[in-house]
**Student:** 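Take a look at this one; I'll ask things after.
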Amino acid sequence: MESSPVRDTPFITSAGIEADSAPHSAANNVISPGPGKSKSPRRPLRILNRGVILPLLAGVLFLLLWEYQVFHRIFDLKKYQLPLPSAIAEAMRDNFSLLLSYTGYTLTEAVVGMLIGSACGFLIALAATAWPRWGGGSLTMVAALNAVPIVALAPIMNLWFGDGIGSRAAIVTATTMAAMAINAYKGMAAVDPLALDLMHSYAAGKPAVFRYLRIQNSLPYVFTALKINATASMIGAIVGEFFFSSRGLGYLLSNSIKVAKMPLGWSCIVLAAIAGVIFYLVVERLEKVFIKWHPSQRS
């Protein structure tokens with residue numbers, strides 16, 4: 001008996017569309033790339049984008065206008081009042097070892113003072129959050145201390161800690177404490193009420209709430225304060241060296257102005273700016289490492 005040929009019968013899918021009885025896998029429908037070709041198109045690597053090129057071009061244009069004395073003619077300045085970039089670069093080259101040593105000295109004052117001031121400010125924020133009735137007044141005292149000018153703090157700190165590195169570190173401590181205290185307190189106090197209720201539902205005690213909720217929530221605010229203090233600490237250290245110091249960028253800048261060595265004085269300003277930017281970038285890098293979970297750090 002001759003068998004009848006088996007014919008593929010179509011079937012109706014759940015969507016009401018007629019399909020073949022022999023389903024094909026998705027892999028069969030994908031056209032495989034030829035040899036030597038990647039499966040997914042690669043995006044071109046853009047090393048220089050607008051965020052880099054435009055500031056770079058603006059900086060180069062600014063230096064050219066400065067070098068060709070455009071600013072001197074606009075503001076009626078002499079070369080001894082505003083040295084040319086070439087003269088500043090020559091002064092930096094001739095005094096490189098001295099400038100490098102004094103930059104390290106000033107940066108040490110700034111880092112030590114900022115770490116101590118930030119730690120004290122964080123402890124004050126902890127006390128103000130844990131005991132609002134007793135610790136809340138400490139924020140007002142810190143804000144009042146921050147309102148005192150550095151020129152008024154410098155003689156007092158020099159009298160208390162001598163004319164060494166301790167007096168400038170104390171000045172930086174006083175100027176960086178308020179930013180950390182206020183920002184950290186805001187982060188610890190501005191917790192999500194639902195998260196706080198969840199911790200209470202788990203019968204979490206006060207130390208656990210601080211450790212797992214309040215301190216974690218304050219970390220973005222803490223790093224914001226650290227970035228503010230990274231530049232404020234350099235200002236405090238340099239201004240403190242103006243009055244009582246025998247080393248540092250502030251000391252060299254003050255003496256250079258007194259003896260009319262303006263290119264050397266501007267070299268101190270340039271190196272102070274570079275050190276401040278590097279200090280800021282280090283803090284920003286630490287922020288990316290420690291709070292990768294925060295939405296602000298997601299690309």
**Student:** Quick check: do Met188 and Tyr221 have side-chain heavy atoms less than 4.5 Å from each other?
**Tutor:** no
**Student:** Say you draw a straight line from CG of Leu253 to OH of Tyr102; how long is it, rounded to the nearest 0.5 Å?
**Tutor:**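 Separation between the atoms: 13.0 Å.
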**Student:** Search all heavy atoms of Asn146 against all heavy atoms of Ala174 and return the closest pair with its distance.
**Tutor:** OD1-O, 4.2 Å
**Student:** Going only through I, L, V, M, F, W and Y residues with side-chain contacts under 4.5 Å, is there a path from Trp160 to Leu153?
**Tutor:**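 Yes.
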**Student:** Does the side chain of Ser201 reach to within under 4.5 Å of the side chain of Leu198, using non-hydrogen atoms?
**Tutor:**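 Yes; the side chains approach each other to less than 4.5 Å.
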**Student:** At what distance, to the nearest 0.5 angstrom, does CD1 of Ile228 lie from OG of Ser233?
**Tutor:** 12.0 Å
**Student:** Parallel, tilted or perpendicular for Phe71 and Phe75, by the 30°/60° rule?
**Tutor:** tilted
**Student:** Which atom names give the shortest non-hydrogen contact between Gly121 and Met180, and what distance separates them?
**Tutor:**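 Looking at all heavy atoms of both residues, the closest pair is C-CG, 3.9 Å.
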**Student:** Measure the spacing between CE of Met262 and CG of Leu84 and express it to the nearest 0.5 Å.
**Tutor:**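 Atom-to-atom, Met262:CE and Leu84:CG are 12.5 Å apart.
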**Student:** Considering all heavy atoms of both residues, which atom of Ala230 and which atom of Phe279 are nearest to each other, and what is their separation?
**Tutor:** O-CD2, 3.4 Å
**Student:** Using the rule given for side-chain contact (heavy atoms from CB on, under 4.5 Å), can you reason through Leu65 versus Leu61, listing the C-alpha separation, both sets of side-chain angles and the distance that settles it, and then say yes or no?
**Tutor:** CA-CA 6 Å; Leu65 294 176; Leu61 178 62; 4.2 Å; yes
**Student:** Could you go through Leu219 and Phe290, starting from their C-alpha distance and side-chain angles, then the distance that decides it, and tell me whether this counts as side-chain contact (heavy atoms from CB on, under 4.5 Å)?
**Tutor:** CA-CA 9 Å; Leu219 287 180; Phe290 284 102; 5.8 Å; no
**Student:** Which atom pair, heavy atoms only, marks the closest approach of Ala184 to Phe122?
**Tutor:**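 Taking every non-hydrogen atom into account, CB-CD1, 3.9 Å.
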**Student:** For the residue pair Leu126 and Tyr185, establish whether any side-chain heavy-atom pair is separated by less than 4.5 Å.
**Tutor:** no
**Student:** Could you tell me if the side chain of Tyr105 sits less than 4.5 Å from the side chain of Leu100, heavy atoms only?
**Tutor:**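 Result no, sub-4.5 Å side-chain heavy-atom pair not found.
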**Student:** Is there a side-chain contact between Val259 and Asn255 (heavy atoms, below 4.5 Å)?
**Tutor:**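 SC-SC contact between Val259 and Asn255 ruled out.
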**Student:** Can you confirm whether Arg168 sits close enough to Phe161 that some side-chain heavy atom of one is under 4.5 Å from a side-chain heavy atom of the other?
**Tutor:** no
**Student:** For Ala181 and Val142, which heavy atoms make the closest approach, and how far apart are they?
**Tutor:** CB-CG1, 4.4 Å
**Student:** Between Arg247 and Glu241, does any side-chain N to carboxylate O distance fall below 4.0 Å?
**Tutor:**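 A salt bridge is absent here (no side-chain N lies under 4.0 Å from a carboxylate O).
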**Student:** Applying a strict under-4.5 Å side-chain criterion to I, L, V, M, F, W and Y, I'd like to know whether Leu281 and Val222 cluster together.
**Tutor:**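 No, it is not one cluster - the side chains of Leu281 and Val222 are not joined through contacts under 4.5 Å.
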**Student:** Any chain of hydrophobic side-chain contacts (each under 4.5 Å) joining Trp266 to Ile238?
**Tutor:**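 Hydrophobic grouping puts Trp266 with Ile238.
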**Student:** In Å and rounded to the nearest 0.5 Å, what is the OH to CG distance from Tyr202 to Asp197?
**Tutor:** 12.0 Å
**Student:** What is the distance from atom OG of Ser245 to atom CG of Asn158, rounded to the nearest 0.5 Å?
**Tutor:** 9.5 Å
**Student:** Is there a side-chain contact between Ser254 and Phe243 (heavy atoms, below 4.5 Å)?
**Tutor:**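 They are not in side-chain contact.
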**Student:** Side-chain contact, heavy-atom cut-off 4.5 Å: Leu196 with Arg214?
**Tutor:**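 They are in contact (side-chain heavy atoms under 4.5 Å apart), so the answer is yes.
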**Student:** If two hydrophobic side chains count as joined below 4.5 Å and joins carry through other members, does Val277 share a cluster with Val60?
**Tutor:** no
**Student:** With a 3.5 Å distance limit and no angle check, can you tell me whether Asn229 reaches the backbone of Met114 through a side-chain donor-acceptor pair?
**Tutor:** no
**Student:** Given 3.5 Å as the limit, does a donor-acceptor pair link the side chain of Ser101 with the main chain of Leu98, or not?
**Tutor:** no
**Student:** Using modelled atom types and a 3.5 Å cut-off, is there a donor and acceptor pairing between side-chain atoms of Asn217 and backbone atoms of Leu213?
**Tutor:** no
**Student:** Quick one: does Thr106's side chain have a donor or acceptor within less than 3.5 Å of a partner on Leu249's backbone?
**Tutor:** yes
**Student:** With rounding to the nearest 0.5 angstrom, report the CD1 to OG1 distance, Ile182 to Thr140.
**Tutor:**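 Rounded to the nearest 0.5 Å, the CD1-OG1 separation comes to 9.0 Å.
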**Student:** Cation-pi check, Arg93 to Phe96: give yes when NZ or CZ is under 6.0 Å from the six-membered ring centre and within 45° of the ring axis, no otherwise.
**Tutor:**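 No, Arg93 does not sit over the ring of Phe96.
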**Student:** With no hydrogens and no angle check, is any side-chain donor or acceptor of Ser118 less than 3.5 Å from a backbone partner on Leu115?
**Tutor:**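 Side chain of Ser118 to backbone of Leu115, a donor-acceptor pair under 3.5 Å: no, none is there.
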**Student:** Check for me, please, whether Val191 and Tyr212 land in the same ILVMFWY cluster - side-chain distances under 4.5 Å, paths through other members count.
**Tutor:** yes
**Student:** Any donor and acceptor pair, going by atom type alone, linking the side chain of Thr103 with main-chain N or O of Leu271 inside 3.5 Å?
**Tutor:**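 The answer is no, because no donor-acceptor pair under 3.5 Å joins these two groups.
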**Student:** What closest approach, in Å, do Pro155 and Ala152 show between heavy atoms, and which atom pair accounts for it?
**Tutor:** CD-O, 3.4 Å
**Student:** Verify, without hydrogens or angle tests, whether His72 (side chain) and Lys79 (backbone) share a donor-acceptor contact under 3.5 angstrom.
**Tutor:** no
**Student:** Report, as yes or no, whether the 6.0 Å neighbourhood of atom NZ on Lys206 holds more than 12 heavy atoms from other residues, nucleotides or ligands.
**Tutor:** yes
**Student:** Could you walk me through whether Ile116 and Val172 pass the side-chain contact (heavy atoms from CB on, under 4.5 Å) check?
**Tutor:** CA-CA 9 Å; Ile116 298 174; Val172 175; over 6 Å; no
**Student:** What verdict does the side-chain contact (heavy atoms from CB on, under 4.5 Å) test give for Ser267 and Asn95, after you've listed the backbone C-alpha separation in whole Å, the side-chain angles of each residue and the deciding distance to 0.1 Å?
**Tutor:** CA-CA 9 Å; Ser267 301; Asn95 303 274; over 6 Å; no
